Amino acid sequence: MIQDLSDWLGISGRSTLEQPRITLAILMGETPDYKPTLNLPKTSFPMKANLAQAEPATLARWQSADIAEAVASARAGAPPFVFHDGPPYANGSIHVGHLLNKVLKDIVVRSVGMEGRNCHYIPGWDCHGLPIEHRVMTTLVESGKAAKIDTLSDDHRRMAIRRECAAYATKQIKAQSTQMQRLLTLADYENPYFTMQPEYEAGTLEVFAGLLERGFVFRQLKPVHWSIANQTALAEAELEYEDRVDPSIYVDFEAADRAKVDAVFGVECECTPSFMIWTTTPWTLPANLAIAVHPTHHYALVELDGALTVIAAEMLAKVTTLVGATAVKSLATVLGSALVGLEYRHPFCDRTGRIVAADYVTMEDGTGLVHTAPGHGDDDYRTGLREGLEIYCPVQGDGTFDATVPQWLQGKIVWDANGLVVEHLRTSGHLVHALDFTHSYPHDWRSRTPVIFRATEQWFIGVDRPAVGAGARTGESLRSMAMDAVNNSIKFVPQWGHSRMKGMIENRPDWCISRQRAWGLPIPAFRTSDEGIFMTAASVRAVAQCVRTKGSDAWFTRAPSELLASYDAASDPDAPKTLKLDQLTKLYDIFDVWFEAGSSWNSVLRHRGVGFPSELYLEGSDQHRGWFQLSMLPALGVVGSAPFRTLVTHGFLVDRDGKKMSKSAGNALDVDVLLKDFGAEVARWWVSSVAYDGDIRIDLDYFKVAGESYRKVRNTLRFLLSNLYDAPSWSESEVIALACASASESIDGWLMGELVALETEVRAAYSDYDFRRAHLALFNFCNETLSSVYCAAVKDRLYCDAAASPRRRQTQAVLRTAVEVLVRLLAPFLPHTAEEAWMALRGANAPLLFVQTHLDLAARGGRLTTRDARWKDVMLARSAVSKALEGAKSLGIENPLDAACTLPDAHGTLAPFASELADLCGVSQVKLDATAQVVTIADLRSLPRCDRSWRRDGTVRQRSDGGMLCDRDAQSVGV
RNA sequence: GCGCCAGUAGCUCAGCUGGCUAGAGCACACCCCUGAUAAGGGUGAGGUCGAAGGUUCGAGUCCUUUCUGGCGCACCA
């Protein structure tokens with residue numbers, strides 16, 4: 001609604017449009033140029049961030065000034081915040097997952113530091129293990145060195161490999177460290193921890209000694225992939241799957257007691273029935289101890305060409321066709337569970353086995369009755385453990401049978417045994433059918449020979465064994481302690497981590513901690529002269545002492561007596577009575593790398609005096625099963641409590657379609673490219689914006705978005721800084737006091753209220769690890785509160801008021817306070833940019849931003865600590881004006897300074913703000929009207945425009961210098 | 001197959017214990033400014049809330065099933 005100008009002014013009779021005096025200047029056609037008289041913005045803080053070049057410079061400055069050390073000493077006496085880095089594996093270039101993880105951690109380190117806490121963050125690396133050994137071995141094989149190494153003695157061979165691995169790991173760590181520092185992360189990179197450091201290894205052995213002492217450690221048979229050619233256990237990564245032809249045989253196992261089978265099926269058999277099994281590894285039959293059936297599938301007793309056989313009902317047709325049976329008659333059917341407990345006679349070993357139930361039995365291949373040899377299969381092994389069967393493995397390391405099998409098999413190698421077994425079964429009448437079967441079969445990646453599954457002795461940490469001896473929580477098992485910790489003492493962020501980890505702990509099996517490799521920390525066990533095992537808590541501690549100074553290489557280069565130099569059998573209650581140290585020989589199992597990483601709370605937090613427990617562990621959600629759990633179990637066993645109070649997990653990065661990232665799929669983003677194209681700050685800004693608790697989509701486009709948003713924040717900072725070039729050099733407390741003294745009804749007062757709220761909100765979000773919330777609050781504050789509202793409103797007074805006018809100075813005090821607050825709040829996300837702004841504000845010799853703490857305006861702001869609720873109406877009025885102005889454009893009022901507006905103010909709520917409304921709405925004049933219903937716009941284009949402020953506020957007239965100026969500008973210029 | 005999680009405008013996300021016409025930012029369209037200018041401002045158009053059932057006076061919000069995707073585990077005798 002547009003009113004006539006004279007109506008609006010309410011001065012229709014008396015015109016303010018006086019005939020201006022015609023000055024000489026105007027006669028001469030000269031208009032004074034007022035631009036030089038304005039206080040236009042000026043700053044050294046550039047609009048263009050140029051991050052790809054500027055960040056490395058900042059980094060170099062930080063490194064040469066050792067800011068990690070500077071921050072540490074500044075916080076020396078402050079309350080500690082213990083935060084512990086989970087060690088990434090020292091292999092390969094860092095990927096975007098590392099970027100996410102390390103930046104999130106750095107945000108914690110820096111935000112906690114800004115709160116004044118002392119956070120000594122030590123970065124770590126996981127160094128041992130198969131991926132490195134595998135990679136090194138591949139190189140050695142390719143270069144032909146492996147053959148030479150193989151000719152060395154065991155200790156020398158292992159040392160040769162270990163030296164290569166250590167060199168490789170060291171190189172990887174160096175490269176990764178550089179990349180992580182390039183992400184502008186703040187950590188003690190001068191003193192990182194590596195799991196291969198001697199002191200670290202000693203710390204790991206101490207943990208192991210503690211577990212041994214509490215009775216959690218035991219040795220037991222377990223099937224592993226075994227290379228006959230190399231006489232070693234192999235890990236999954238060392239296997240290559242190739243097609244292989246094996247005999248596929250169907251075998252009848254005769255029931256031990258006909259009457260019991262009769263009873264189960266409710267029929268009377270005329271001859272002894274059999275259970276038909278299927279296998280493609282006939283050589284494992286000598287180790288058969290059981291037959292597994294599925295408890296809820298149906299099994300039929302059938303007459304097959306005169307013989308009675310039990311077979312899964314579902315498999316009947318398939319099997320009879322295959323074996324070519326002509327007369328098939330099903331006599332009765334029962335559930336698998338009914339068969340459980342029945343016994344059968346082993347076809348060629350003098351013993352009986354029994355039927356057991358197993359859920360993993362499928363109806364895809366075979367007969368639905370699964371040959372079970374606990375010494376030769378993982379499933380079989382678990383079934384065996386559950387059923388209390390012996391983990392029987394008659395096959396020796398060289399692939400031959402021992403003396404426990406029938407004589408015709410003794411000493412035969414398993415591959416020859418296949419044929420022998422088949423022939424034997426054929427002769428004895430147990431073989432129902434045999435054919436060749438081609439399947440994918442694991443092979444040793446080095447010798448290219450097929451591997452076998454063979455039970456070997458391994459070390460375990462039992463999760464259900466009660467703690468024994470003196471110490472915390474005697475009688476409790478690791479599982480029960482872990483359940484207690486998960487349920488009662490650990491805080492999970494996000495919350496669902498609780499149920500996830502609980503489920504995992506409920507189900508986890510005993511922890512197999514031994515590996516048969518060279519690149520790792522040896523399990524310091526010895527073999528005694530009478531073939532026993534010697535390893536006690538005290539002996540492990542003695543070896544730990546040796547390792548502390550000489551490293552774990554000592555195990556390979558020293559004699560047992562040297563390794564046990566500090567061991568005193570007399571004072572070791574667990575020492576075997578007949579112990580003869582000089583007759584010990586070393587065993588060569590190494591620790592699962594998870595055990596090493598899982599001991600970091602001891603090797604790093606306790607040994608280096610950082611503090612225990614850690615306030616926080618922060619890793620990807622895969623670590624619920626990994627590092628979190630495998631750190632918690634040893635700590636519970638040794639200390640009785642978890643090594644962390646809070647677990648924060650982040651999800652995994654997926655591509656824009658939600659698909660997993662992988663190099664092979666070609667959807668992986670290269671960190672170096674991101675840093676080059678966007679800079680670490682934009683990457684960090686993106687990380688801070690992400691909802692990290694679930695899957696995180698990542699794409700170049702999202703970095704573009706983050707870059708835009710970063711620029712917005714940067715430009716807002718720039719605007720603030722650029723209007724402070726001539727501000728008095730207030731001290732921090734002076735400027736805060738001045739800013740906080742802003743009148744509640746002033747734009748400055750409003751901004752101060754918003755600023756206090758922002759500081760409170762962002763700090764709370766940081767402490768909740770809700771970085772996204774902090775990010776959004778900061779962005780909205782810069783984008784909306786500052787850029788769109790405050791800066792726009794305050795421009796006029798900053799540019800046009802006399803430089804030293806109280807009103808302008810007041811606003812400058814608020815601007816300065818806003819920068820002080822923002823720079824601190826932004827520092828955890830954007831350390832480089834925040835510091836850049838900080839130095840633009842305080843000069844290059846300013847004290848280090850990262851040793852500052854938050855201003856804590858809420859505690860210092862007096863009446864501004866809460867927002868003034870009256871501003872809500874003012875802001876509503878402001879947006880109503882925006883809309884009205886939009887409508888006025890069609891009438892030719894395109895520039896808001898050409899407009900005046902009337903605001904309805906029935907209850908006088910706007911009245912106290914009257915003097916600020918024109919600036920706030922960006923128009924030349926505002927009038928309040930108690931009777932108006934809607935905002936109305938008036939066209940001021942026929943009023944003279946101030947040459948300096950471009951406003952048409954009704955006071956514009958020609959001044960002594962010949963220019964058309966409003967009162968305020970005339971005063972500013974002094975005419 | 002099992003456990004945990006997610007699925008709301010083109011994109012990233014808010015929507016608490018179920019209740020007015022489902023919100024924000026970005027992107028987009030149109031416009032303004034040219035004294036934050038390889039900047040700044042305004043307005044606007046975008047959604048059958050993965051799908052199907054159910055509970056309820058009423059569901060994006062609760063229950064069941066299902067689809068898609070992620071993490072972890074198990075499995076191929």
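Letters A, B, ... mirror the listed sequences (proteins, then strands); counts begin at 1. Only a predicted model underlies this, so the values are computations on that prediction, with no experimental measurement involved.
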Open item on the list: Could you tell me how far B/C28 sits from B/G10 if I compare only their P atoms? Round to whole Å.
Closed with: 15 Å
TODO: Answer yes when A/Asp919 and A/Arg951 have at least one side-chain N-carboxylate O distance shorter than 4.0 Å, and no when they do not.
DONE: yes
TODO: Give one of base, sugar-phosphate or nothing for A/Asn783, where a contact means two heavy atoms less than 4.0 Å apart.
DONE: sugar-phosphate
Open item on the list: Does B/G42 have OP1 or OP2 under 4.0 Å away from a side-chain N or O of A/Ser788?
Closed with: yes
Task: Nucleotide opposite B/G19 in a Watson-Crick or G-U pair, distances under 3.5 Å - done: B/C57
- [ ] Could you tell me whether A/Thr281 contacts a base, only the sugar-phosphate backbone, or nothing, with contacts defined as non-hydrogen atoms closer than 4.0 Å?
- [x] sugar-phosphate
Open item on the list: Please confirm whether the ring centroid of A/Tyr617 lies under 6.0 Å from the ring centroid of A/Trp627.
Closed with: yes
Open item on the list: Regarding A/Asp379, tell me which of base, sugar-phosphate or nothing describes its non-hydrogen contacts under 4.0 Å with the strands shown.
Closed with: sugar-phosphate
Open item on the list: Give me the distance, rounded to whole Å, that separates B/U43 from B/A6 when you measure between the C1' atoms they each carry.
Closed with: 35 Å
TODO: Please state the C1' separation for the pair B/U66 and B/A45 - nearest whole angstrom.
DONE: 35 Å
TODO: Output yes when at least one side-chain N/O atom of A/Ser787 is less than 4.0 Å from OP1 or OP2 of B/G41, else no.
DONE: yes
TODO: Could you check how far CG of A/Asp695 sits from C1' of B/U12, rounded to whole Å?
DONE: 14 Å
TODO: Please state how far atom CG in A/Leu891 lies from atom P in B/G42, giving the value in whole angstrom units.
DONE: 21 Å
TODO: Using the P atom as the reference point in each nucleotide, state the distance between B/A29 and B/G35 in Å, no decimals.
DONE: 26 Å
Open item on the list: If I take atom CH2 in residue A/Trp496 and atom C1' in nucleotide B/G72, what distance separates them, rounded to the nearest angstrom?
Closed with: 10 Å
TODO: Could you measure between the two C1' atoms, the one in B/C62 and the one in B/C76, and give it in whole Å?
DONE: 40 Å
Open item on the list: Both distances below 3.5 Å, Watson-Crick or wobble geometry, any strand: find the nucleotide opposite B/A29.
Closed with: B/U43
Open item on the list: What's A/Arg508 touching, base or sugar-phosphate or nothing? Going by heavy atoms closer than 4.0 Å.
Closed with: nothing
TODO: Using the C1' atom on both, measure B/A27 against B/U68 and round to a whole Å.
DONE: 26 Å
Open item on the list: What's the closest nucleotide to the side chain of A/Cys791 if the choices are B/G72, B/A36, B/G40?
Closed with: B/A36
Task: Pair A/Phe678 and A/Phe703, ring centroids less than 6.0 Å apart - done: yes
Task: Among B/G35, B/G41, B/U37, the one nearest A/Met47 by side-chain distance - done: B/U37
Task: Identified pairing partner of B/G3, criterion: Watson-Crick or G-U wobble below 3.5 Å - done: B/C71
Task: Value in whole Å for how far the C1' atom of B/A38 lies from CZ of A/Arg718 - done: 11 Å
Task: NZ/NE/NH1/NH2 to OD/OE distance under 4.0 Å, A/Asp796 and A/Arg968 - done: yes
TODO: Remember a base hit wins even if backbone is also touched, and classify A/Met501 as base, sugar-phosphate or nothing at under 4.0 Å, heavy atoms.
DONE: nothing
Open item on the list: Side chain of A/Phe779 only, heavy atoms from C-beta on: which candidate in B/G42, B/A36, B/G25 is closest?
Closed with: B/G25
Open item on the list: Distance check, C1' atoms only: B/A14 and B/G23, in whole angstrom units.
Closed with: 7 Å
Task: Proximity to the side chain of A/Ser499 - top-ranked nucleotide from B/U12, B/C4, B/U37 - done: B/C4
Open item on the list: Taking atom types as they are modelled, would you say the side chain of A/Arg500 forms a donor-acceptor pair with the base of B/C71 within the 3.5 Å cutoff?
Closed with: yes
Task: 5' precedence on RNA chain B between A/Asp378 and A/Leu38 (nearest-nucleotide basis) - done: A/Leu38
- [ ] Send over the distance from A/Asp898 CG to B/G41 P, rounded to a whole Å.
- [x] 20 Å
Open item on the list: What's A/Val654 touching, base or sugar-phosphate or nothing? Going by heavy atoms closer than 4.0 Å.
Closed with: sugar-phosphate
Open item on the list: On the nucleotide B/U12, are OP1 or OP2 found under 4.0 Å from the side-chain N or O atoms that A/Arg697 carries?
Closed with: yes
TODO: Kindly indicate whether a cation-pi arrangement holds for A/Lys660 with A/Phe652, taking the cut-offs as under 6.0 Å to the six-membered ring centre and within 45° of the axis.
DONE: no
Open item on the list: Here's one to test your reading of the geometry: is the NZ or CZ of A/Arg714 within 45 degrees of the ring axis of A/Phe45 and under 6.0 Å from its centre?
Closed with: yes
Open item on the list: Any base atoms under 4.0 Å from A/Arg948, or only sugar-phosphate, or nothing? Heavy atoms, all strands.
Closed with: base
Task: Touch class at under 4.0 angstrom, heavy-atom based, for A/Lys42 against every strand present - done: nothing
Open item on the list: Output the rounded distance in Å from CG (A/Asp699) to P (B/G10).
Closed with: 17 Å
Open item on the list: As a test of the definition: with a 90° window around 0 for syn, would you call B/G46 syn or anti?
Closed with: syn
Could you give the side-chain donor-acceptor pairs of residues 490-500 of chain A under 3.5 Å, partners two or more places apart or in another chain?
{"from": "A/His498", "atom 1": "NE2", "to": "A/Asn487", "atom 2": "OD1", "distance (Å)": "3.0"}
{"from": "A/Ser499", "atom 1": "OG", "to": "A/Trp496", "atom 2": "O", "distance (Å)": "3.2"}
{"from": "A/Arg500", "atom 1": "NE", "to": "A/His624", "atom 2": "ND1", "distance (Å)": "3.1"}
{"from": "A/Arg500", "atom 1": "NH2", "to": "A/Ser621", "atom 2": "O", "distance (Å)": "3.2"}

Open item on the list: Looking at A/Lys660, I'd like to know whether one of its side-chain N or O atoms comes within less than 4.0 Å of OP1 or OP2 on B/G69.
Closed with: no
TODO: Compare side-chain N and O positions of A/Lys889 against OP1 and OP2 of B/C32 and report whether any pair is under 4.0 Å apart.
DONE: no
- [ ] Just say parallel, tilted or perpendicular for the rings of A/His775 and A/Phe829, cut-offs at 30° and 60°.
- [x] tilted
TODO: Among the candidates B/C31, B/G72, B/U43, find the nucleotide nearest to the side-chain atoms of A/Lys883.
DONE: B/U43
Task: B/G35 pyrimidine/purine six-ring stacking with A/Trp950, under 5.5 Å and 30° - done: yes
Open item on the list: What's the gap between B/U65 and B/G1 when it is taken at their P atoms, as a whole Å value?
Closed with: 14 Å
Task: Distance in angstrom units between A/Ile893 CD1 and B/U43 C1', rounded - done: 16 Å
Task: Distance test, side-chain N/O of A/Tyr702 to OP1/OP2 of B/U12, below 4.0 Å - done: yes
- [ ] Remember a base hit wins even if backbone is also touched, and classify A/Lys48 as base, sugar-phosphate or nothing at under 4.0 Å, heavy atoms.
- [x] nothing
- [ ] Return the value, rounded to whole Å, for the distance between atom CZ of A/Phe253 and atom P of B/A77.
- [x] 16 Å
Open item on the list: I'd like to know if A/Glu886 and A/Lys889 make a salt bridge, using a cut-off of under 4.0 Å between side-chain N and carboxylate O.
Closed with: yes
TODO: Identify the nucleotide, in any strand shown, that forms a Watson-Crick or G-U wobble pair with B/U48, with both distances under 3.5 Å; if there is none, say none.
DONE: none
TODO: Indicate the ring-plane relationship of A/His433 and A/Tyr250, choosing parallel, tilted or perpendicular according to the 30° and 60° boundaries.
DONE: tilted
- [ ] Tell me which nucleotide among B/G40, B/A77, B/A38 gets nearest to the side chain of A/Val361.
- [x] B/A77
Open item on the list: Please pick, from B/G42, B/C33, B/C5, the nucleotide with the shortest atom-to-atom distance to any side-chain atom of A/Arg878.
Closed with: B/G42
Open item on the list: Considering every strand and a 4.0 Å limit on heavy-atom distances, what is the contact class for A/Ser722: base, sugar-phosphate, or nothing?
Closed with: nothing
TODO: Could you tell me whether the phosphate oxygens of B/A36, OP1 or OP2, come under 4.0 Å of any side-chain nitrogen or oxygen in A/Tyr799?
DONE: yes
